[in-house]
Every structure is written in C-alpha cells, then in structure tokens.
J.: 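The following block contains the structure, expressed as structure tokens.
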Amino acid sequence: MVSRIEHPAGGYKKLFETCEELNEPISAVVVGVIPEWLSGSLLRLGPGMFEIGAEPFYHLFDGQALMHKFDLKNGHVTYYRKFVKTDSYVRAMTEKRVVITEFGTAAYPDPCKNIFSRFFTYFRGIEVTDNCLVSVYPVGEDFYACTETNYITKVDPDTLETLKRVDLCDYLSINGVTAHPHIENDGTVYNIGNCFGKNMSLAYNIVKIPPTQKDKTDPIAKSEVIVQLPSSERFKPSYVHSFGMTENYFVFVETPVKINLLKFLTAWSIWGTNYMDCFQSNETMGTWFHLATKDPAKYIEHKFRTSAFNLFHHINSYEDNGFIVVDLCTWKGHEFVYNYLYLANLRENWEEVKQAATRAPQPEVRRYVLPKDVHKEAQGKNLISLQYTTATAVMRSDGTIWLEPEVLFSGPRQAFEFPQINYNRFCGKDYSFAYGLGLNHFIPDRICKLNVKTKETWVWQEPDSYPSEPIFVQTPNSAEEDDGVLLSIVVNPGADQRPGFLLILDARDLTEIARAEVEAIMPVTFHGMYKP
Ligand SMILES: CCCCCCCCCCCCCCCC(=O)OC/C=C(C)/C=C/C=C(C)/C=C/C1=C(C)CCCC1(C)C
Ligand SMILES: [Fe+2]
C-alpha cells in the first residue's frame, strides 16, 4: 500500500490553487461504462479560494468552502461547483479582505474604519468561523455543510444554493461538533463536541438529533446532549475530529493534542491570533480511551490508557464477545500533525515536501481492543481473549488498563487516511474492508483498500494523479461487503485535455470501471457523501 510514484513535476500544487465556481453544470466525457444502477450525486467539500485579494490564507483548513457535485444518471455525468455563501465568504467578498479569523489565518480590523469603530469591533471579540469546508451530511430531509464549530450551513443538494446558517448553540450546550457524525439507518444523528461549561468546567458532550419528525418540524429543534465525558485536564480539552460507535457503545479517544482554553478565550480579544495558536501538546498524558453506553447513555468509568498519538479518523468499531474492537488511523507521538499542513509547506517542491514529512508524526493503522468487563483481580494479565488479534489490555496496579495495539498497516510516511467502509451495512459491526486515500508524505496519490482481518491490500494509482477520499456505494441487493463501487475525484494537472475526473472503481479489487472527465481542475476536497 505504499506509493510507487514520485512527484518531481509538483502537480499536487494545483490542489491548493483558487478556482472559480461554475454558472451551470458541465457535461463530462465518460470513458468506460457506468453501472445503470448508479444514479445519484457525489457531494464533496473543500477549500476553493486560498486568498482574498492580496491577503493569503495560510493553512490548509482556511480557504473558503467550495461545494462540488457530480451527478450520475443513465450513464451520463455532469459536474457543478459553488462557493457556500457563508458569513465568512460573503463578508470577505464585500469588504475584499479576510474578515473572519480562520483555522490558521487571523483577520485584522478594517483599516478604513476610524479609531472609535475599530475600538468597538475589538471589544465585540473575534467571531467564530462558519466556513463549512470540511463535509456535508443529512439531517432529516435536509443537508448541512459543516466545519467543526457551532455553525452548520443548510444547502440545497440539487442547486448547491446556500439556504441558511444554523447556530447549534441555540439548541445545545456545545462549543462545536465534529464533521464526522454517525448516522443510523433511520436517520438518527449522533455527534460529539467540546463544551466549555459554566465555571470553566470542561466536558465532551455527545449529542443526538432525532430522525425526520412526523409533524415535519426541524429535527435540530429536538436535539439534545445525551451524555457527558470528562476531560483529562481541567482547562485543556483535547481536539476531537471523530468518534466511534458500535451497536451499544460510543468510543471517544482523548489525545494529547490540547486546546489551551485560557489562551483560546483570551486570544479572542487579541488581534492576530488564530485557532492554530491555541493548541499545545501534553507530553506526559499519552492517550486515553473513554466508553459510554448508548441506551441508556451513560459514561463508563474504566481508565483505558495507551501511548501518545494524534487521531483524526476512526475507521470502524464493533463489539465481539465482551470486547470492543476499535480501528483507527493514528499518527504516532504528541506533536500536532496540523503543524505540517500550512499551505506554504504543501506547495513546496517535491524534495522539500518529502523532507518536511520526515520530521512529522508517522502514520499507522491500528486496532485497539477494550474489554467491556474489567475485574481488579486480573492485574498484570492480558484481558483480551479474542483469538484473531494480537492487541492487548493489561490491568495495572493503579487500576488503569494499558492498551497495546495490533498494527493493521504501517509504511514510512505512507498514510492510509480518510478511511471509508460499507457504512450503511457495517458501521458498528464486525467487518472486513476499509478503503482509504493514500498519502505519500502528505500528498494524496493513490486509493487503497485494506482487509482488516487478513491485512491484504489493494492499490489504484496513476502517475501525476491526485485522488480524493474514496466513497463506497453498495451494489443494490448485493450480499458481499465489498460488492460496490468507490467514487473519487481525481486531478491530473499535466493532462492535455480534461484534467479533472470522477473515478469509479470496483471496490472488490480497485480495478477501474469508468471515469467521467471534465475540463476543470478541482482543488483538494476533504469529505463528502453519496446521495442516491
Ligand atoms: C485530502 C488530502 C489533503 C492533503 C493533506 C492531508 C494530510 C492529512 C493528515 C491527517 C488527516 C487530517 C484530516 C483532517 C481532515 C479535515 O477535514 O480537517 C479539516 C478541519 C477543520 C477545518 C477544522 C476546523 C476547526 C475549528 C475551526 C475548530 C474550532 C474550535 C476549537 C479549535 C476549539 C473549540 C471551539 C471551536 C470553535 C469548535
Ligand atoms: Fe475528517
């Protein structure tokens, strides 16, 4: 699953260039035959504007949200994209400068304002961004583009029009929620987010949004916090990007990448500070695993500990004979991986890109196994009796349970990231296959498949081609877990014609079924969904 390709031409730099939105969908040229049953839309989000006039954005997670759509119908394909008209975007367009502070770029006061109005803007504090460049997901019958703050933006999945901004703080006690909710087949949405409570009390709150209501009222109005998980440090919550869910449990991994709350809250009144400035690593805590039951939603007090890693994406979790199996895309160590994702670094020439990635935390796909029942008398023994894994959990004299993982995939500076599974059928259940985007020194250059039971791997890769997270779509009425297709947006900036395409792979062996090519280059996209 490691890359066989180098990138001396630096075509990946195009992933980080501003593009224009489209006035109408454009037709694609289809090579191959698209399955008849594949009728729907691939929706994806990412940054599309990397500067406002002469003011650059500095970090990969700062550019203004661009929503992409590939429509598939009767073997034909069209491509469309629009900027999401967030406050961040609209005000930047109006004032022709960065108005709202983004993840790694601070906004400055309007130089045209007089000293008094600048003074009052200062004391209003810095506004939290609604730049929803990370993903899109359904809530009831609606679709929301999101980042990780308290703002989500309702969009029309057909026209890509921006409909309204929703402030989750109006309904829930949270400061933000992840862009990786879990969605059950009936439409129930679960998510997790930081909550900086009253008296500086800190917790991670799990929230539940019910499915479509009989009376057609907005399900978000009925959302609630169902359980609180404690923070390892009083004033420093950890950064949380995703969480795990089995049939009966929530799994939350608390990593050593911390938000310094005092800095975060005070920084908001100091011009020039951004979100990235507020992170700091805890060099001694390692990583903590937390469990809670789903129904009734209740925190479980066991103290699961392991060595330090960064975690962005859970792959899947499931229960097996009294154990909880948790598969993760980890990055070893406590240094924040996002420190390596400044645009200046990603736009470097290939040799420099490789050099920088050598110093960064190293990726590894790992399986951790947590015992549901823990007995004090079992001190010093491995509590895991599942025959198929080498993962261990050992109770120590202080009552903590030390976890050691089984490595499912490891390659130097070769990440299996942006994982996907056959979600509708296998989320929370014993499963075999994970699909992912292969990062070569942080550059996405292949699509990978991993059999988590046998560790067998498959790869799709082409020279000078930069794919996105592969989304699995199941063949209707199929029995096999991997009977379906993978959809990925690929750019090949060196191509003479039609440098961007929708790639359709057979999920069984990653062979190409078809591609739908367009006369456009798409900047990087992070996450998205297939809407049948
Ligand atoms: C697709 C290829 C990309 C090329 C390089 C990728 C390298 C990947 C390395 C690891 C994987 C990382 C995955 C991250 C994916 C992603 O989509 O991240 C985007 C995240 C964003 C934009 C997060 C924004 C978060 C904000 C603004 C949070 C704000 C807050 C806090 C920091 C504290 C609590 C309050 C609040 C306001 C929520
Ligand atoms: Fe993510």
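None of these values were measured; they are calculated from a predicted model. Residue numbers start at 1 and run along the sequence shown. Both ligands and their constituent atoms are indexed starting at 1 by order of listing.
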J.: Which ligand 1 atoms, with their elements, are less than 4.0 angstrom from a heavy-atom of Phe312?
T.: 10 (C), 11 (C), 12 (C)
J.: Do the ring planes of Tyr204 and His290 sit parallel (below 30°), tilted (30 to 60°) or perpendicular (above 60°)?
T.: tilted
J.: Hey, what's the angle at the Fe ion (ligand 2) spanning NE2 (His180) and NE2 (His313), nearest 10 degrees?
T.: 100°
J.: Which of the atoms of ligand 1 are close to Phe442, meaning less than 4.0 Å from one of its heavy atoms?
T.: 4 (C), 5 (C), 7 (C)
J.: Hey, is Leu346 touching ligand 1 through its side chain, its backbone, both or neither, going by heavy atoms under 4.0 Å?
T.: neither
J.: Validate the cation-pi geometry between Lys258 and Tyr239: distance from NZ or CZ to the six-membered ring centre under 6.0 Å, angle to the ring axis within 45°.
T.: no
J.: For Asn175 and Phe196, indicate whether the former's side chain and the latter's backbone hold a donor-acceptor pair under 3.5 Å.
T.: yes
J.: Check each heavy atom of Leu133 against ligand 1 and say whether those closer than 4.0 Å belong to the side chain, the backbone, both or neither.
T.: side chain
J.: So which protein heavy atom does atom 35 (C) of ligand 1 come closest to, and at what separation?
T.: Phe264 CZ, 3.7 Å
J.: Verify whether one side chain among Tyr108 and Glu55 offers a donor that lies under 3.5 Å from an acceptor in the other.
T.: no
J.: Looking only at protein heavy atoms, which one is nearest to atom 3 (C) of ligand 1, and what is the separation?
T.: Val524 CG2, 3.9 Å
J.: Looking at non-hydrogen atoms alone, which of Tyr151, Phe196, Tyr275, Tyr12 comes nearest to atom 29 (C) of ligand 1?
T.: Tyr275
J.: Aromatic rings Phe418 and Phe526: how do their planes relate, parallel, tilted or perpendicular, breaks at 30° and 60°?
T.: parallel
J.: Need the ligand 1 atom indices (1-based, order shown) with element for anything under 4.0 Å from a heavy-atom of Ile259.
T.: 33 (C)
J.: Parallel, tilted or perpendicular, judged at 30° and 60°: which one describes the rings of Phe501 and Trp460?
T.: perpendicular
J.: I'd like to check which ligand 1 atoms, numbered from 1 as shown, lie under 4.0 Å from a non-hydrogen atom of Thr147.
T.: 22 (C), 24 (C)
J.: With heavy atoms of Phe526 as the reference, note each atom of ligand 1 found under 4.0 Å away.
T.: 17 (O)
J.: Quick check on contacts: which atoms of ligand 1 are under 4.0 angstrom from a heavy atom of Pro444?
T.: 2 (C)
J.: Do Arg347 and Phe16 meet the cation-pi criteria used here (NZ or CZ under 6.0 Å from the six-membered ring centre, within 45° of the axis)?
T.: no
J.: Could you tell me which atoms of ligand 1, counted from 1 in the order shown, lie closer than 4.0 angstrom to a heavy atom of Asn175?
T.: 38 (C)
J.: Which of these, Phe279, Tyr338, Tyr466, Trp331, has its nearest heavy atom closest to atom 9 (C) of ligand 1?
T.: Trp331
J.: What residue and heavy atom of the protein are closest to atom 16 (C) of ligand 1, and at what distance?
T.: His241 CE1, 3.6 Å
J.: Check Asp87 with Arg165, please: is the shortest side-chain N to carboxylate O separation under 4.0 Å?
T.: yes
J.: Have a look at ligand 1 and work out which part of Leu341, if any, has a heavy atom under 4.0 Å from it: side chain, backbone, both or neither.
T.: side chain
J.: Indicate the ring-plane relationship of Phe103 and Tyr338, choosing parallel, tilted or perpendicular according to the 30° and 60° boundaries.
T.: perpendicular
J.: Would you call the rings of His527 and His241 parallel, tilted or perpendicular if under 30° counts as parallel and over 60° as perpendicular?
T.: tilted
J.: Side chain, backbone, both or neither: which applies to Leu15 and ligand 1 if a contact is any heavy-atom pair less than 4.0 Å apart?
T.: neither
J.: What is the minimum heavy-atom distance between Ile100 and Ala107, and which atoms define it?
T.: C-CB, 3.7 Å
J.: Please classify the His527 to ligand 1 contact at 4.0 Å (heavy-atom distances, strictly less than): side chain, backbone, both or neither.
T.: side chain
J.: Students should be able to answer this: which protein heavy-atom is nearest to atom 23 (C) of ligand 1, and at what distance?
T.: Glu148 OE1, 3.3 Å
J.: May I ask you to identify the nearest protein heavy atom to atom 8 (C) of ligand 1, giving residue, atom name and distance to one decimal place in Å?
T.: Leu439 CD1, 3.6 Å
J.: Thr18 and Glu51: side chain to side chain donor-acceptor pair (under 3.5 Å), yes or no, with the steps?
T.: CA-CA 8 Å; Thr18 295; Glu51 63 284 305; 2.5 Å; yes
J.: When the aromatic ring centroids of Phe426 and Tyr318 are compared, is their separation below 6.0 Å?
T.: no
J.: Taking the six-membered ring for Trp, are Phe279 and Phe336 parallel (under 30°), tilted (30 to 60°) or perpendicular (over 60°)?
T.: tilted
J.: How wide is the angle at the Fe ion (ligand 2) spanned by His527 NE2 and His241 NE2, rounded to 10 degrees?
T.: 150°
J.: Would you mind listing which atoms of ligand 1 come within a distance below 4.0 Å of any non-hydrogen atom of Thr525?
T.: 1 (C)
J.: Using non-hydrogen atoms of the residue, decide whether His313 is closer than 4.0 angstrom to ligand 1.
T.: yes
J.: For atom 17 (O) of ligand 1, find the nearest protein heavy atom and state the residue, atom name and distance (0.1 Å precision).
T.: Val134 CG1, 3.2 Å
